[in-house]
Peer 1: 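Sharing a structure, written as structure tokens. Questions coming.
Hydrogens, waters and symmetry mates are skipped; everything else that's a heavy atom, side chains included, is used. Lettering of chains follows the sequences in order, A, B, ..., and the numbering in each one begins at 1.
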Number of protein chains: 4
Amino acid sequence: MPTKKKPQATTAAPERRGELLQTAAEVFAEQGYNATTVRKIADHAGMLAGSLYYHFDSKESMLEEILRTFLDELWSGYDTVLDADLGPRETLQALVTESFREIDRHRPAVAIYQKESRHLVTQDRFEFLAESQRRFEKTWLTTLERGVADGVFRADLDIRLTYRFVRDTVWVAASWYRPGGHHSPEEIARQYLSMVLDGIATR
Amino acid sequence: MPTKKKPQATTAAPERRGELLQTAAEVFAEQGYNATTVRKIADHAGMLAGSLYYHFDSKESMLEEILRTFLDELWSGYDTVLDADLGPRETLQALVTESFREIDRHRPAVAIYQKESRHLVTQDRFEFLAESQRRFEKTWLTTLERGVADGVFRADLDIRLTYRFVRDTVWVAASWYRPGGHHSPEEIARQYLSMVLDGIATR
Amino acid sequence: MPTKKKPQATTAAPERRGELLQTAAEVFAEQGYNATTVRKIADHAGMLAGSLYYHFDSKESMLEEILRTFLDELWSGYDTVLDADLGPRETLQALVTESFREIDRHRPAVAIYQKESRHLVTQDRFEFLAESQRRFEKTWLTTLERGVADGVFRADLDIRLTYRFVRDTVWVAASWYRPGGHHSPEEIARQYLSMVLDGIATR
Amino acid sequence: MPTKKKPQATTAAPERRGELLQTAAEVFAEQGYNATTVRKIADHAGMLAGSLYYHFDSKESMLEEILRTFLDELWSGYDTVLDADLGPRETLQALVTESFREIDRHRPAVAIYQKESRHLVTQDRFEFLAESQRRFEKTWLTTLERGVADGVFRADLDIRLTYRFVRDTVWVAASWYRPGGHHSPEEIARQYLSMVLDGIATR
DNA sequence: GATGAATGAGGATTCATTCAT
DNA sequence: TATGAATGAATCCTCATTCAT
């Protein structure tokens with residue numbers, strides 16, 4: 001009893017940082033990183049702009065932490081899939097499904113990633129984005145190539161074009177997806193996969 | 001006549017304006033609208049920041065003109081397709097092909113549109129973006145619905161999801177497309193259409 | 001008694017205050033008063049910035065106490081010398097020696113004094129600096145004048161220039177002096193006096 | 001006539017930069033670099049704070065340019081003296097005199113140098129200060145050593161202590177010197193040299 | 001048409017200080 | 001005594017824009 005510091009275990013106190021990052025991510029996603037002022041974030045968090053600097057070094061460090069956290073979790077999910085050693089078609093399905101789950105969990109982060117990663121990669125601080133992109137590309141290309149070799153994916157398509165098609169197709173969904181809407185991430189994944197694998201034309 | 005202040009394409013070099021807009025569009029596309037300073041545009045154009053204000057009212061008016069020009073040409077192309085009264089599958093093919101041609105012609109404008117339109121639509125000045133989006137959605141949804149009714153597109157898919165899938169699939173290409181690369185816009189369109197219509201899986 | 005809020009040397013650990021002032025003085029001397037943040041002082045003291053405010057009213061009050069303590073001890077030493085009623089040459093020698101002893105004991109305070117006193121004197125709170133300066137000037141000028149009158153100091157020199165020469169000569173030493181180095185304060189005083197009195201040229 | 005841009009050759013226009021640096025130097029010297037806000041400089045210059053950034057990259061770059069200009073001129077003067085290959089006593093006299101002339105010409109810069117150089121040297125940008133200090137020390141030590149060897153300076157003094165004595169003695173003068181006062185720089189130099197060389201005691 | 005110089009409204013960040021615990 | 005979190009004022013700097021020349 002006397003050693004207890006926060007009697008109400010319900011209220012957040014150790015995760016204040018996480019809450020603030022969540023808030024920041026939402027505003028970044030909504031308005032764009034550059035157009036988001038530190039004051040706007042603070043307003044959303046119910047504090048003054050300067051107070052954010054007790055928790056974070058800079059606006060940029062918030063961005064970094066948001067993206068890093070997202071990518072860490074993304075790769076954790078991907079790695080589980082990849083470690084399962086499935087066939088190429090099942091791997092693709094699992095990766096896409098996992099991607100939609102991540103969009104569901106980290107929608108703001110994904111939206112930010114989509115909009116900002118292009119010019120961030122050039123900065124040292126965001127080198128991890130470039131590294132992730134390289135792994136990402138390798139993972140997908142390998143899966144597609146295995147599928148072509150196994151005869152489950154079409155051989156008449158430009159493989160890099162196919163890669164970009166699948167990649168973009170999945171991730172742009174973050175720009176319109178709203179968690180808690182009509183479709184669960186798994187349902188969206190199912191329909192997307194159906195379109196990607198079999199097309200929208202009737203056979 | 002003597003009261004005219006700004007040369008609105010009437011006086012002198014009308015191409016200068018176009019050149020400057022081209023330059024501005026490239027920088028906006030490269031760095032993002034907010035992150036682009038007027039000075040950077042001027043640097044690229046070989047003049048001083050203040051000098052741009054002889055040609056344009058404001059940074060925002062450059063953006064507006066860039067997007068307006070692009071959308072005007074896009075709809076001019078779309079209207080030609082739509083006026084031809086083709087079947088739904090052929091309409092979809094023609095629209096996608098036309099879209100890739102526009103990406104080829106207005107890559108910077110398309111990239112800007114992708115990144116910035118979401119938060120621009122809320123401003124009065126950019127109301128034309130919202131209007132274009134509504135026409136766009138109607139056009140595509142109608143085409144898809146006609147296709148489903150005619151039995152050429154699958155009936156088991158959520159039609160709005162399909163719409164977003166096709167829409168995004170096409171336009172994100174602007175983020176990686178480089179004019180003068182391996183593929184002509186028509187070739188890319190052909191492959192994309194093949195994937196969208198028939199899927200990437202073998203049958 | 002129970003209404004007392006801040007322990008002004010009365011309560012509890014009276015040395016803690018002194019330790020903290022010592023720490024603060026070192027940081028002020030090292031980095032300059034303005035460039036020293038309260039946080040830096042707290043870091044050196046192994047506590048958090050806010051905690052310093054239990055001990056002191058403000059950053060400025062620390063500065064004041066540091067300087068006041070130094071000047072009190074300096075004048076205590078000077079007064080002992082002056083009360084001895086020595087001849088002008090011996091007085092000068094004793095004052096210089098005492099000064100080097102004070103530099104040895106209060107090096108940080110002396111360094112701060114050198115750097116900051118000029119703009120501090122204008123503030124009411126630091127009026128004591130101005131008063132000390134006036135006493136200082138009077139003491140030295142009187143000693144020099146007595147020396148000239150007695151024929152022990154040269155009569156052909158501008159007396160105010162001489163005063164500044166001697167004054168500066170002694171106190172700037174604080175900027176390079178490191179206690180515990182090769183020379184004791186008395187040894188440095190001896191050599192400085194030798195130069196000041198007899199010059200560096202051979203006779 | 002038609003090629004002439006500024007008809008009034010009296011008003012400054014190309015040297016606006018120099019005027020602003022002069023102003024900045026005076027404020028820096030008066031209040032200390034850290035305590036000087038950009039706004040204060042701008043106020044003194046009759047413009048707004050932001051306007052300074054048309055001329056300079058940063059507050060720090062102003063400081064750098066001020067110090068660099070001063071040191072360049074100082075060494076130009078010193079080099080002239082050193083190139084004359086005078087005897088050690090005459091060299092010392094000439095260097096001291098030159099120093100007082102520089103104090104006269106660049107009083108604010110010298111005052112800034114005195115106060116700020118210690119913590120500036122650690123920054124890459126101000127490496128030139130460290131280099132100057134090394135040359136300075138070498139120049140003076142060499143001169144003093146030659147003098148001792150030639151028998152014109154006393155051999156019984158610690159040479160580094162003597163160096164510091166002479167060095168400080170001269171430069172602190174910048175803290176109280178006011179151009180246009182009673183004494184010309186040459187007159188002050190003469191008296192200082194008299195004290196430094198022959199002492200203040202009668203013989 | 002273009003330049004040079006300035007404006008003025010922010011915007012990110014710092015920091016002394018406060019205060020409940 | 002000390003901590004953690006916050007405040008709010010000030011600071012440096014940026015940038016779209018203006019305007020006389």
Peer 1: Give none if E:dA20 has no partner; otherwise give the nucleotide forming a Watson-Crick or G-U wobble pair with it, both distances under 3.5 Å.
Peer 2: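 Across any shown strand, E:dA20 pairs with F:dT3.
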Peer 1: Is A:R68 salt-bridged to A:E65, cutoff N-O under 4.0 Å?
Peer 2: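 Looking at A:E65 together with A:R68, the answer is no, because their closest N to O distance does not fall below 4.0 Å.
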Peer 1: Between F:dA10 atom P and D:Q31 atom CD, what is the distance in whole Å?
Peer 2: 16 Å
Peer 1: In whole angstroms, how far is the C1' atom of E:dG4 from the CD atom of D:E19?
Peer 2: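 So the CD-C1' distance, D:E19 to E:dG4, works out to 15 Å.
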Peer 1: Find the distance C:D57:CG to E:dT18:P and express it as a whole number of Å.
Peer 2: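 One finds 9 Å between P of E:dT18 and CG of C:D57, rounded.
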Peer 1: Does OP1 or OP2 of F:dT17 have a side-chain N or O of B:Y53 closer than 4.0 Å?
Peer 2: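 Yes, B:Y53 has a side-chain N/O under 4.0 Å of OP1/OP2 on F:dT17.
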Peer 1: Taking for each residue the nucleotide of DNA chain F bearing the nearest heavy atom, is the 5' side occupied by B:Y33 or by D:A35?
Peer 2: D:A35
Peer 1: Judged by atom type as modelled, is there a donor-acceptor pair below 3.5 Å linking the side chain of C:S132 to the main-chain atoms of C:F128?
Peer 2: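 No: the side chain of C:S132 does not pair with the backbone of C:F128.
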Peer 1: Ignoring hydrogens and geometry, is there a side-chain-to-backbone donor-acceptor pair from B:Q114 to B:S175 under 3.5 Å?
Peer 2: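 Checked: no pair found.
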Peer 1: What class does the angle between the rings of A:Y113 and A:F70 fall in, given that below 30° is parallel, 30 to 60° is tilted and above 60° is perpendicular?
Peer 2: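 Perpendicular: the ring planes of A:Y113 and A:F70 meet at over 60°.
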Peer 1: Grab the CG-P distance between D:N34 and E:dT14 for me, whole Å please.
Peer 2: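 The distance from CG of D:N34 to P of E:dT14 comes to 14 Å, rounded to the nearest Å.
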Peer 1: Rounded off to whole Å, could you give me the CG-to-P distance for the B:D43 and E:dA2 pair?
Peer 2: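 Distance, rounded to whole Å: 15 Å.
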Peer 1: Find the distance C:R17:CZ to F:dT1:C1' and express it as a whole number of Å.
Peer 2: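 Nearest whole value for this atom pair: 14 Å.
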Peer 1: With a 3.5 Å distance limit and no angle check, can you tell me whether B:K40 reaches the backbone of B:A35 through a side-chain donor-acceptor pair?
Peer 2: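 Checked: pair present.
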Peer 1: Counting distance only, does the side-chain N/O of C:K115 pair as donor-acceptor with the main-chain N or O of C:Y33 below 3.5 Å?
Peer 2: no
Peer 1: For nucleotides 6-11 of chain E, just jot down a letter per nucleotide in 5' to 3' order: B, S or -, based on protein non-hydrogen atoms under 4.0 Å.
Peer 2: SBB--S
Peer 1: Can you check the D:F56 CZ to E:dA5 P distance for me, whole Å?
Peer 2: 11 Å
